[in-house]
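Scroll down for the structure; my scribbles are underneath it.
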Amino acid sequence: MTVALPRVLDRAELPVDTAELARFLIGKRVVRTLAEGVAGGRVVETEAYGIGDPAGHAYRGITPRIRTLFLERGHAYVYLAYGISFMLNVSSEMPGVGAGVLIRAIEPTDGIAIMARNRGTERVRDLARGPGRLCAALGIDRRLDGIDLCQAGPLWLGSDDQASGDIGQGKRIGITRAADSPLRFYVRGNRFVSGPQSLNR
DNA sequence: TTGGCGATTGGCT
DNA sequence: GCCAATCGCCAAT
């Protein structure tokens with residue numbers, strides 16, 4: 001089943017601060033347009049990698065790979081982690097400043113059959129629970145690095161279609177530097193959020 | 001030119 | 001819970 005498509009988010013709506021943007025994106029929609037149809041869902045988990053963050057990829061300055069993290073807020077930064085999984089980030093600050101928000105999980109709403117095929121599983125809960133799974137489900141790779149997410153196209157951000165629920169905040173997952181900063185945001189109790197249950201209450 | 005490493009995942013114990 | 005898979009990047013040689 002497919003829900004009516006949301007409105008494309010306007011860049012002016014996006015908070016400039018990285019942590020604020022990470023919280024703002026909870027409940028928004030990620031929409032992927034593929035040859036087979038539209039796929040996507042509601043954002044239920046994000047992490048902020050802000051200015052001067054030792055865990056952020058931009059910490060050591062700009063390089064060719066992370067160039068898109070320095071684009072004006074609302075652009076995609078896609079990279080390959082562990083040689084296995086792609087990660088989708090939303091650039092989050094003013095042009096020339098390197099920072100972003102990692103989209104860690106979405107609650108599938110559209111194109112579930114497409115995502116199931118891309119993921120090789122029928123279990124809806126497992127389609128996009130985790131940043132690598134999310135990219136696999138939506139067919140996101142480096143070809144989408146740098147695209148504008150505030151414009152209708154192959155991948156874009158849409159408005160809320162319902163209240164996002166109670167938002168929790170806690171430590172980020174899977175990092176070693178600055179590991180204790182509470183920069184992860186999630187919908188409390190939502191079963192499409194990744195990580196152990198103990199972190200999602 | 002090279003070696004160590006990482007914002008993960010899935011399978012096995 | 002533990003661990004291997006897998007590869008692009010980049011700091012250091």
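By convention in this document, chain letters (A, B, ...) are assigned in the order of the sequence lines, proteins followed by strands, and residues within each chain are numbered from 1.
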Rounded to whole Å, the OH-C1' distance (Tyr59(A) to dC10(C)) equals 17 Å

In whole angstroms, the gap separating P of dA7(B) from OH of Tyr186(A) amounts to 21 Å

Comparing nearest nucleotides in DNA chain C, the 5'-proximal residue of the pair Arg142(A), Ile84(A) is Ile84(A)

Practice task
Quick one: label Arg184(A) by what it contacts on the DNA or RNA (base, sugar-phosphate, nothing), any heavy atom closer than 4.0 Å.
Solution key: nothing

note: Leu134(A), atom CG; dT9(B), atom P; distance rounded to Å ~ 9 Å

Practice item. Taking the six-membered ring for Trp and the full ring for Phe, Tyr or His, determine whether the centres of His57(A) and Tyr79(A) are under 6.0 Å apart. Key: yes

_Beyond-backbone contact of Asp145(A) with Tyr77(A), side-chain heavy atoms, under 4.5 angstrom_ = yes

Separation of dA7(B) atom P from Leu199(A) atom CG, nearest Å, is 17 Å

Any ion pair linking Arg73(A) and Asp148(A) (charged N to carboxylate O, less than 4.0 Å)?
no

Would you say Arg119(A) reaches dG10(B)'s phosphate, i.e. side-chain N/O to OP1/OP2 under 4.0 Å? yes

When rounded to whole Å, the CG to P distance for the pair Asn89(A) and dT8(B) reads 11 Å

Atom NE2 of His57(A) and atom P of dG8(C) are separated, to the nearest Å, by 15 Å

Side-chain atoms of Leu80(A) come closest, of dA7(B), dG8(C), dG6(B), to dG8(C)

pi-stack flag for Tyr82(A) and dG6(B), centroid dist under 5.5 Å, interplanar under 30°:
no

The Watson-Crick or G-U wobble partner of dG4(B), with both key distances under 3.5 Å, is dC9(C)

DNA chain B nearest-nucleotide lookup for Arg133(A) and Glu47(A): closer to the 5′ end is Glu47(A)

Here the distance between atom P of dC5(B) and atom CD1 of Ile175(A), to the nearest Å, is 18 Å

Can you tell me if Thr63(A) touches the phosphate of dC10(C), counting only side-chain N or O atoms and a distance under 4.0 Å to OP1 or OP2? yes

- prompt: Distance only, no hydrogens: is a donor on one side chain within 3.5 Å (strictly under) of an acceptor on the other, for Arg42(A) and Asn190(A)?
  reply: no

Discussion item. Looking only at side-chain N and O atoms, does Arg23(A) offer a donor or acceptor that is under 3.5 Å from a partner on Gln169(A)?
Written reply: yes

Practice task
Give a yes/no answer on whether the side chain of Arg104(A) brings an N or O atom under 4.0 Å of OP1 or OP2 in dT8(B).
Solution key: yes

Here the distance between atom P of dC7(C) and atom CG of Asp141(A), to the nearest Å, is 15 Å

Taking dA11(C), dT9(B), dA7(B) as options, the one with an atom nearest any side-chain atom of Leu102(A) is dA7(B)

